[in-house]
Engineer: 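What follows is a structure written as structure tokens; I'll ask about it next.
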Protein chains: 2
Amino acid sequence: MDKLDRNSLEAPIIFTAALVDGMGASVCIKHLKAGETLYVEGEDADYCYEIMSGAMKEYNTLEDGKRQVAEFYKAGDMFGFSESSDQLHTAEAITSCAVRCYPRDAFMKTVAASPALSASFLDTLMTRLHRARERMVMIGRMSAMQRVATFLLRLADDADNQHTTHLAMSRQDIADHLGLTIETVCRTLTELKKQQIIVMEAARVFSIADLPRLEAVAMGARGRLH
Amino acid sequence: MDKLDRNSLEAPIIFTAALVDGMGASVCIKHLKAGETLYVEGEDADYCYEIMSGAMKEYNTLEDGKRQVAEFYKAGDMFGFSESSDQLHTAEAITSCAVRCYPRDAFMKTVAASPALSASFLDTLMTRLHRARERMVMIGRMSAMQRVATFLLRLADDADNQHTTHLAMSRQDIADHLGLTIETVCRTLTELKKQQIIVMEAARVFSIADLPRLEAVAMGARGRLH
DNA sequence: CGAGGTATTGAGGGGGCTCAATATTTGTGG
DNA sequence: CCACAAATATTGAGCCCCCTCAATACCTCG
């Protein structure tokens, strides 16, 4: 497999406009503070959601308390369409958020009624499936160094503001996303700093100082700690 | 997250019948021997496929030769609907197979034209997304013992013939599916045999001797080698 | 400025990988 | 049907990456 692609997963604009048009009054907006949950695994999946501002994460918790963060979502992303009538994940605000809520039945009906919306929706689902599989490869087959490098590359690419990139999520969130521990994430970042591949302006602000080398590391070159 | 569900992923019967009806002549059947590829990562994704008999695997290969098996497919399963115009995985026959091939454009059009088909298709996609995320949890957060136990449980459940279950895939395939090495898979199976939790009638035929303990192991009880 | 959360660094141990040898099964041709 | 080769599976020894446990630094907000 050539390098993991880093295309954006943003819901097309058509999505929002057509949905709000079609569903009107039944759509509402919810505001969340950092740390609040939008829904919890197991509860009824009555709504689909679209992030208007802020960042969220969707995760599962195992019996022993370990977490796996399935996805991070940012403004423009849609989520919460569970295939069952229950939520299969927990969604939690990372920063304070504004979220548009679509009643699930009406949402599905509106999507089904419009070929364009259906196509967009399918695209989103398939892209997300693809991403999930990419991350399976990452978690199952890559070293800690490769995982962190790949993660930083994707973040920088998603944000594509010229220089610095902000990390909305904590080290713990990153660890839970990459299948690592928080300590390993820290050590790996430190190593990337030492090698002057990245610069950390603050704990949650970084910039890529040497893109080719970061990409090389992500591909497996010198891809270990120590 | 409570225990990973093990519901079948078979395409509903409605799928096949309606599709063949709607597309008629453009559908063709292809026969593959074990080891032959149906498509290779990067080539044009012109068709969607449905397995009529046999078993297949869909995987990615990394630069260093490591593989990640995304899914195993068996009779009744549909696959190959890539979100891009290129295939993102390689699909290879595990046993000799008969595969029904649907031209991709016509397939999508037929699905879009039928609400029932659309719903089935969405279900399939979302179930698969859910499975991919389950496996992310498994690979990222579970011990080798837990992964193998979970895998055996799912296989036995999918096959649900009373007693013994046949493994179509090799140890290498299992390892590549679970994010382990072939040696670890072997050792883990040996340990499960020693503890009389499973019985191996042959290298590729097993039966579960103690379901509650296997489930307990999958959940994390005594979930380590040694 | 203190308190609590978040992040970093260190020391040590273990689970699973690597390398290697052997056993078993499968496939092929005589 | 057997013999041989090739592929697949199993077992062993040793090591290393990452986890665990623990201490310290930093950052944010009352």
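Chain letters run A, B, ... following the sequence lines, proteins first, then strands; residues in each count from 1. Just so you know, these numbers come straight off a predicted model, no measurement behind them. Side chains are part of it too, since the values below use all heavy atoms of this structure and drop only hydrogens, waters and symmetry mates.
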Engineer: In whole angstroms, how far is the C1' atom of D:dC17 from the CD atom of A:Gln146?
Structural biologist: 13 Å
Engineer: Could you tell me the separation between the CG atom of A:Leu192 and the C1' atom of C:dT8, rounded to a whole number of Å?
Structural biologist: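 Interatomic distance, CG of A:Leu192 to C1' of C:dT8: 15 Å.
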Engineer: How does each nucleotide of nucleotides 7-14 of chain D score, in 5' to 3' order, for protein heavy atoms under 4.0 Å: base (B), sugar-phosphate only (S), or none (-)?
Structural biologist: -SSBBBB-
Engineer: What residues, two or more places apart in sequence or in another chain, satisfy side chain to side chain donor-acceptor pair (under 3.5 Å) together with A:Glu58?
Structural biologist: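 Partners of A:Glu58 by the side chain to side chain donor-acceptor pair (under 3.5 Å) criterion, ordered by chain and then number, come out as A:Tyr39, A:Tyr73, B:Arg133.
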Engineer: Got a sec, which residues hit salt bridge (Lys or Arg N to Asp or Glu O under 4.0 Å) with A:Asp210, two or more places apart in sequence or on another chain?
Structural biologist: A:Arg213
Engineer: Mind checking side chain to side chain donor-acceptor pair (under 3.5 Å) for A:Thr95 and listing every partner two or more places apart, or none if nothing turns up?
Structural biologist: none
Engineer: In degrees rounded to 10°, what angle is found between the helical axes fit to the five outermost pairs at each end of the helix from C:dC1-D:dG30 to C:dG30-D:dC1?
Structural biologist: 50°
Engineer: Roughly, in whole Å, what's the span from CE in A:Met142 to C1' in C:dC17?
Structural biologist: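 Rounding to the nearest Å, CE of A:Met142 and C1' of C:dC17 are 18 Å apart.
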Engineer: Under a 4.0 Å N-O cut-off, is there an ion pair linking A:Arg154 with A:Glu134?
Structural biologist: yes
Engineer: Could you check how far CZ of B:Arg147 sits from P of C:dG16, rounded to whole Å?
Structural biologist: 7 Å
Engineer: How many whole angstroms separate atom CD of B:Glu191 from atom P of C:dG16?
Structural biologist: 12 Å
Engineer: For A:Arg171, enumerate each residue passing the salt bridge (Lys or Arg N to Asp or Glu O under 4.0 Å) test, keeping only those at least two apart in sequence or located in another chain.
Structural biologist: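 Counting only residues at least two positions away or on another chain, A:Arg171 forms no salt bridge (Lys or Arg N to Asp or Glu O under 4.0 Å).
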